[in-house]
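To start, the structure itself, in structure tokens.
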Amino acid sequence: MLRRMACALVAVAFVATLPAMLWAQAADDPANVEAPSAAAVSKPDPKALFDELFGGEVKRVTGTPDPADDLQLAKTLLDAAQNTADNPQLVAVLAEQAATLAAKSPEGGAVTDTALRLLIDKAPERRVELLKQLVDANQKAYLKTPIADRPAAGEKLIDTMLDLAAAQLAEDNPSDAILTYRRAGVIGTSIHTSRRDELKALLDEAVAAQRVQNQIDTARARVKANPQDKAAAAELVRLHIVELDDPTEARKYTFLIDDETMKTNIRLASGKQDDMTEDQFMALADWYKDLAPTAGALRSRATMYQHAADYYDAFLAKHTATDLVQTKATLERKRVGDQLAALTERLGPSALSVQRSSAWVDVLALVDPAKHARGPEAGQWTKDNNGVHSVSYAGTIVMPVTITGSYDLEMVTSHGESRNGRFSLEIPVGTTSTTLFVYSSADDLPNAFAFVNDQRVQDEANPTRFRYPMTEENHDYTVGIKVRVKGDNASLTVSIDGKGGVQWEGPLAQLTPRYDMGTGHNFNYLLYRQYGHIRSMKVRGVDGGKVAPLTDLPAVAVGRAANDEARGPRPTNPQVAQFLSQAQAAWQRATSEQRQVLVNQIRTQLQKMPETQREAFMFMLKRSDNDAARSLHKALKHDG
């Protein structure tokens, strides 16, 4: 009954709107497609729709003492939320209800975690509140975890706590962030985390932020009480420039001060560097150099010296004449560099990293299968709300982000039919890269990085070998990778479903790229002898590591590997892959009655396609690991 209700819920909101888009994009003659009426595309109030379809069930399960039925309904609601694409308000209602119900069950930790993360994505204005709930859920899961598995659960709890603390700082609440960082430190000590230095640095940053916030509040109060208090106004501006490194915010207060040079430099510092002259570069370099000694925190002082060094470098790049001005800039650059080196040595390698990381970057949101499947083994890929999918027995797809420095990566992946296959993930590590191989075979095949000190996966001397095969078809495995780069050295840590695998540390010179896709420091996902699915992939920089979209990747046609008869036909038109994804989604959300109409509409569009494209559509549909896709394939075959 619950499954029928979930299907009805999704169908009411979406089935009426999808067919018109589906047929218009895939049909040879979109003009022949009749658009839906306004009534057909209207969406009822999400809360009212939820109450109508699930209100009775929620009341029933919450009225029983057994938490098992609460958890079962939570799973149904979460499934509906994950398969709802274009109504974030409805997703938020479903996810929140799923989290509330799952929290009542001792076995509901995974559902609560997933539902809250989905809700955070759809309701960012509630980020702090929801992250607190997520921390509580992860804390309960950590306490229930067997001692042997607690390090992985503890690292996950720490990650969530750090996300919460960062959100609290973003809302100008450093006092709460300090408490959260201290809680994370307690967990880190308990599990003997390798991130103790990072946790201490983050706590120090929050304490410094609290001190600066108090100073800003005092200066504001003085200015408010006496707008002619020039000393308080100057201090307010200085705090934003030096301690917060925020010239844009400081510019809002320059009307309170009389220092025209300060006003000019703040305007330049908050503008675009491309528009500056060499004299302006020199002026900013001298200004930041003079501001550095006024910093209360050593980290802020280092930041000022770093800005000065950058502007001296910009001046010297622009001023090519050999004269006294160039000599002065060269000498000042060396003095600033010496000061910066001394501070960095005292503060550690993350001296200028005032944040633990940027936010998680959703890598799959950037993927275009038609553009990012590359090379002679590109294979055939599709993309839908459930991720990116290979429908061929081999394939290579580029993940269009670049990264420098240290980072965390988390990927959820699964495979369909496998012939003792594997997936591999090429990852950047500092100035080089390495490739993680993970096998799906039950045979005694190790997983490992290659090449490490010229050792392949099969070589017994490879120090990164570990055994955790992904033998279960259609099971979502969570792969976590932590890369830490420190000068000419790096460390790699890999876990699968929270269980430790690789822990390696050594010189970058020991790592050699396995593949060369010609795309720079980004991720390449490769498959061999199996169908694969990437459900999600996210990455974030750590300790100053930076992640950015890869914008200059040239378009490459989806290829087909040689000597692979098992793959079957391919569509020659990228609209076929899009049509497949949308048809599958529409079928999954339709009721039994709607499916009778939908199968006729799909067949009509297939008849308009060339035979090779029609065969490709049916082949790809058959190979999907989705039950709805299989039932659609059966319906199309049954009806001719």
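Not measured: the values here are computed from a predicted model. Starting from 1, each residue takes its place in the sequence as its number.
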**OP:** Go through the steps for T180 and Q168 under the test side-chain hydrogen bond (donor to acceptor under 3.5 Å, both in side chains), then give the verdict.
**Re:** CA-CA 9 Å; T180 303; Q168 290 167 329; 2.9 Å; yes
Flag the pair [X] and [Y] as a salt bridge only when some basic side-chain nitrogen lies within less than 4.0 angstrom of an acidic carboxylate oxygen.
X: D229; Y: K224; result: no
X: R195; Y: D159; result: yes
X: K263; Y: D259; result: no
X: E243; Y: R238; result: yes
X: K334; Y: D338; result: yes
X: D362; Y: K538; result: no
X: D136; Y: K132; result: no
X: R126; Y: E96; result: yes

Is there a donor-acceptor pair under 3.5 Å between the side chain of [X] and the backbone N or O of [Y]?
X: T193; Y: R196; answer: no
X: H192; Y: G188; answer: no
X: E249; Y: D246; answer: no
X: D70; Y: L101; answer: no
X: S105; Y: A102; answer: no
X: K383; Y: V367; answer: yes
X: T432; Y: V429; answer: no
X: T327; Y: D323; answer: yes
X: R333; Y: D313; answer: no
X: S300; Y: A295; answer: no

Straight-line distance of [X] [atom1] to [Y] [atom2], nearest 0.5 Å:
X: M537; Y: E410; atom1: CE; atom2: CD; answer: 11.0 Å
X: L425; Y: I481; atom1: CG; atom2: CD1; answer: 5.0 Å
X: L364; Y: N386; atom1: CG; atom2: CG; answer: 11.0 Å
X: E155; Y: L157; atom1: CD; atom2: CG; answer: 10.0 Å
X: L244; Y: Q215; atom1: CG; atom2: CD; answer: 9.5 Å
X: L169; Y: Q213; atom1: CG; atom2: CD; answer: 10.5 Å

Minimum heavy-atom separation for [X] and [Y], please, with both atom names.
X: P507; Y: N489; result: CA-OD1, 3.4 Å
X: V223; Y: A233; result: CG2-N, 3.7 Å
X: A490; Y: L508; result: CB-CD2, 3.7 Å
X: A81; Y: V91; result: O-CG2, 3.9 Å
X: L119; Y: L130; result: CD2-CD2, 3.5 Å
X: L143; Y: R150; result: O-NH2, 2.7 Å

Considering only heavy atoms from C-beta outward, does the side chain of [X] approach that of [Y] to under 4.5 Å?
X: I216; Y: H240; value: yes
X: R182; Y: V186; value: no
X: L202; Y: L162; value: yes
X: L134; Y: E129; value: no
X: I534; Y: V412; value: no
X: I241; Y: P247; value: yes
X: I158; Y: I191; value: yes
X: D245; Y: H307; value: yes

Subject >> Derivation and outcome, side chain to side chain contact (heavy atoms under 4.5 Å, CB included), residues D163 and I120 >> reply: CA-CA 12 Å; D163 287 340; I120 290 168; over 6 Å; no
Original post:
Taking everything shown except D217 itself, do over 12 heavy atoms lie less than 6.0 Å from its CG?
Top reply: yes
Original post:
If you count the non-hydrogen atoms of other residues, nucleotides and ligands that lie under 6.0 Å from NZ in K328, is the total more than 12?
Top reply: yes
**OP:** On the 0 to 90° scale, with breaks at 30° and 60°, tag the F50-F54 ring pair as parallel, tilted or perpendicular.
**Re:** parallel
Subject >> Y288 and Y311 aromatic ring geometry - parallel, tilted or perpendicular at 30°/60° bounds >> reply: parallel
**OP:** Run through D121, D113, T114 and flag the one making a side chain to side chain donor-acceptor pair (under 3.5 Å) with R117.
**Re:** D113
Original post:
Can you find a side-chain donor-acceptor pair between Q326 and H319 that sits under 3.5 Å?
Top reply: no
Original post:
Side chains of T160 and Y142: donor-acceptor distance under 3.5 Å anywhere?
Top reply: no
**OP:** Please report the C-alpha distance between Y253 and R220 in whole Å, then the side-chain angles of each, then the deciding distance to 0.1 Å, and finally whether the side-chain hydrogen bond (donor to acceptor under 3.5 Å, both in side chains) criterion is met.
**Re:** CA-CA 10 Å; Y253 301 101; R220 280 177 177 162; 2.9 Å; yes
**OP:** Could you walk me through whether L179 and R183 pass the side chain to side chain contact (heavy atoms under 4.5 Å, CB included) test, one step at a time?
**Re:** CA-CA 6 Å; L179 295 176; R183 289 178 63 191; 5.7 Å; no
Subject >> Test side chain to side chain contact (heavy atoms under 4.5 Å, CB included) applied to V325 and F315, step by step >> reply: CA-CA 10 Å; V325 179; F315 169 82; 3.4 Å; yes
Subject >> Residue pair V547, T402: steps toward the side chain to side chain contact (heavy atoms under 4.5 Å, CB included) verdict >> reply: CA-CA 6 Å; V547 181; T402 60; over 6 Å; no
